[in-house]
Enquirer: 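What follows is a structure written as C-alpha cells; I'll ask about it next.
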2 protein chains.
Amino acid sequence: MAVDRRKLIVEAAAQSFALFGYKATTMDQVAKLANVGKGTIYTFFSNKEELFDEIMNLLIREIKQVADAEYDADRTFFDNLNRILHRILDFREKHQLAVKLAHEVRDMGTPKAIEGLNKLEEAIIGYIQAKIQIAIDKRELKPCDPKITAFVMLKLYLALASEWQHSHEALAKEKIAELFKLYLLDGLTMA
Amino acid sequence: MAVDRRKLIVEAAAQSFALFGYKATTMDQVAKLANVGKGTIYTFFSNKEELFDEIMNLLIREIKQVADAEYDADRTFFDNLNRILHRILDFREKHQLAVKLAHEVRDMGTPKAIEGLNKLEEAIIGYIQAKIQIAIDKRELKPCDPKITAFVMLKLYLALASEWQHSHEALAKEKIAELFKLYLLDGLTMA
DNA sequence: AACTGACTGTATTTCATTTTCGGTCAATTA
DNA sequence: TAATTGACCGAAAATGAAATACAGTCAGTT
C-alpha cells in the first residue's frame, strides 16, 4: 500500500506548528518534514491557513476527548464542571501547540494565532454550554442563558486559576473549587 | 507670587501622557508645554517614571472621587456595587489617559503603560475590597476573603461589560446588573 | 495522474546610518 | 547663592535600502 501523504503532511504540520508556532512554520519546512514535495501539500490544503485550521480542529477534538473522559453522569453538575475545567486548562497549558500559540499571541500578536486560540475558547465554551443545558433540564441549575453562563464560568475559572497568580500566590485546585462553588453556585447573600 | 513650576510641570505632563501615551511623551515636550527648562523637571521628579507615577496617582484619586460620589450608605451593597463598577468602567473608557494607555499596551506593550494600568486595577480592587469588608461586617454578605472576592467581582463585571461584546451583542447595563446578581449573589443552585 | 521543486513577486529581515531622547551639569539668571 | 536653564552626552530607537525568506504556482518528471 502506498504511503498516506495527507497523513504525513498533517503530522508534520502538527509538529511544526507546535514547535515553532504559526508564523515560523514554513510550507517548505512542512514539506521536508513530511518527505513530500511542497506542491503535494497544495493538493490537500489550498493554503497555509487551511492546513492550520485542520491542526486546530484536531487539537479541539483532542480537548473534547480529554473532557469527555473526565465526565461522569453520576456525579453532580458542579463536580463534573470543576473536574472538566481543571483538566482542560491543565491540558491546554501542557499542550505544546496551545502554549506556543499563546506565546506567539503575547510576543507578536500574530492574527492567525489569535484566531486559532479564539476558536479553541469558543469550542470550550460550547462544550460547557451543552453541559449547562443538561443541568438546567435536570433542574440542577436555575434557568439561565446557557451561553452567557458558560462564558462566565470559563472566565471565572480562568480568573481564579490563571490571572490571580499574576500578582498573588497561586490558589490550590481545591481552593479554586471551593471558591467557584461559593461564588457561582451558592451565592454571597446570607441564607 | 512666583509661578508654581511644579504645578505647571504636572499639568503639562498630564496633558502630554493623555494625548500621546507614555512612550511618545518626551521630557523636552513636557518642558516646552510647561514653559520650563528641562532641568527644572528634574528638581521635582528624579526621572520620567516618577513623573508618570505622579500623574497615575492623580488619575487614581480622580477615580476614587467618582466612585465615592456614587456611593450611598442607605442603598444595599449590591446596588452600590453595581453603580460603582458601572461608573468606574464608564469613567475609565472615557478618560483620555486611561484609554491612551490601554491602546499603548495593546499596540506596543510598553512596560510602563502595563504597570500603570495594573496599578489602576489594583486601586479599583482595593476600593471594592473595602466596601466588601463593610458588607461582611454588616452581615449583608457571607464571610469570604474580601480581596479575592473583589478581584472576582471586577473580573466578572469586566467579562460581562467588556469581553462579552468582543464576539457578541453588547449587554445592556440593566442586563449586566441582573446577571451579576444572579451569578454572584443568588447563585445558580435551585432554591 | 500524481507528484515535485525551481521559480516568482511580495513581504520580511538585516544592518549601517541617522535621529531621538532621557538625563546631566556648567553657565546664567534673578 | 539658590533656582533655573538648555547645550551636550551616550544609549536607544527610527530609518531605509539591500538582502533574504516565504507562500503559492506550474512546467516538468516519475
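Naming: A, B, ... by sequence-line order, numbering from 1 per chain.
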Enquirer: Measuring centre to centre across the rings, with the benzene-like ring taken for any Trp, is B/F17 within less than 6.0 Å of B/F52?
Expert: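 Judged by ring-centre distance (under 6.0 Å), B/F17 and B/F52 do meet the cut-off.
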Enquirer: Please determine whether a side-chain nitrogen of the Lys or Arg among B/R6 and B/E54 lies less than 4.0 Å from a carboxylate oxygen of the Asp or Glu.
Expert: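 B/E54 and B/R6: salt-bridged.
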Enquirer: Within this structure, what is the CZ-to-P distance between B/F45 and D/dT4, rounded to whole angstrom?
Expert: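 For the pair B/F45 CZ and D/dT4 P, the rounded distance is 13 Å.
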Enquirer: Salt bridge or not for A/K119 and A/E122, using N-O below 4.0 Å?
Expert: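 A/E122 and A/K119: not salt-bridged.
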Enquirer: Rounded to whole angstroms, how far apart are CE on B/M108 and P on D/dA13?
Expert: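 Checked: the CE to P distance equals 11 Å.
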Enquirer: Expressed in angstrom and rounded to an integer, what is the separation of B/K48 atom NZ from C/dC21 atom P?
Expert: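 Result: 9 Å.
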Enquirer: Are B/R6 and D/dT4 close enough that a side-chain N or O sits under 4.0 Å from OP1 or OP2?
Expert: no
Enquirer: Taking atom NZ of B/K112 as the centre, does the number of heavy atoms from other residues, nucleotides or ligands within less than 6.0 Å exceed 12?
Expert: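 For B/K112, atom NZ is crowded (more than 12 foreign heavy atoms under 6.0 Å).
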Enquirer: Test of understanding: with side chain to side chain contact (heavy atoms under 4.5 Å, CB included), list the residues that count as partners of A/Q165, not counting sequence neighbours.
Expert: A/A170
Enquirer: Anything under 30° is parallel, anything over 60° is perpendicular, the rest tilted; go ahead and classify B/H95 against B/F91.
Expert: tilted
Enquirer: Look at A/D79 together with A/R83 and state whether they make a salt bridge at an N to O cut-off of under 4.0 Å.
Expert: yes
Enquirer: For D/dA3, take OP1 and OP2 only and decide whether either is under 4.0 Å from a side-chain N or O of B/R5.
Expert: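 Indeed not, no polar side-chain atom of B/R5 lies that close.
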Enquirer: Which one of B/D28, B/L8, B/I9 satisfies the side chain to side chain contact (heavy atoms under 4.5 Å, CB included) criterion with B/I41?
Expert: B/I9
Enquirer: Contact list please: residues 8-34 of chain B against DNA chain C, heavy atoms, distance less than 4.0 Å, in numerical order.
Expert: B/T25, B/T26, B/M27
Enquirer: Measure CD1/A/I41 against P/C/dA2 and give the value in whole Å, please.
Expert: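 In whole Å, C/dA2 P lies 18 Å from A/I41 CD1.
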Enquirer: Please report, rounded to the nearest Å, how far the C1' atom of C/dC3 is from the CG atom of A/D4.
Expert: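 My rounded result for the distance is 15 Å.
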Enquirer: How would you summarise protein contacts on nucleotides 24-30 of chain C per nucleotide, using B for base, S for sugar-phosphate only and - for none, with heavy-atom distances below 4.0 Å?
Expert: B------
Enquirer: Should the pair B/E163-A/K155 be classified as a salt bridge under the 4.0 Å nitrogen-to-oxygen rule?
Expert: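 A salt bridge is present here (some side-chain N lies under 4.0 Å from a carboxylate O).
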Enquirer: Could you tell me how far apart A/K112 (NZ) and D/dC22 (C1') are, to the nearest whole angstrom?
Expert: 17 Å
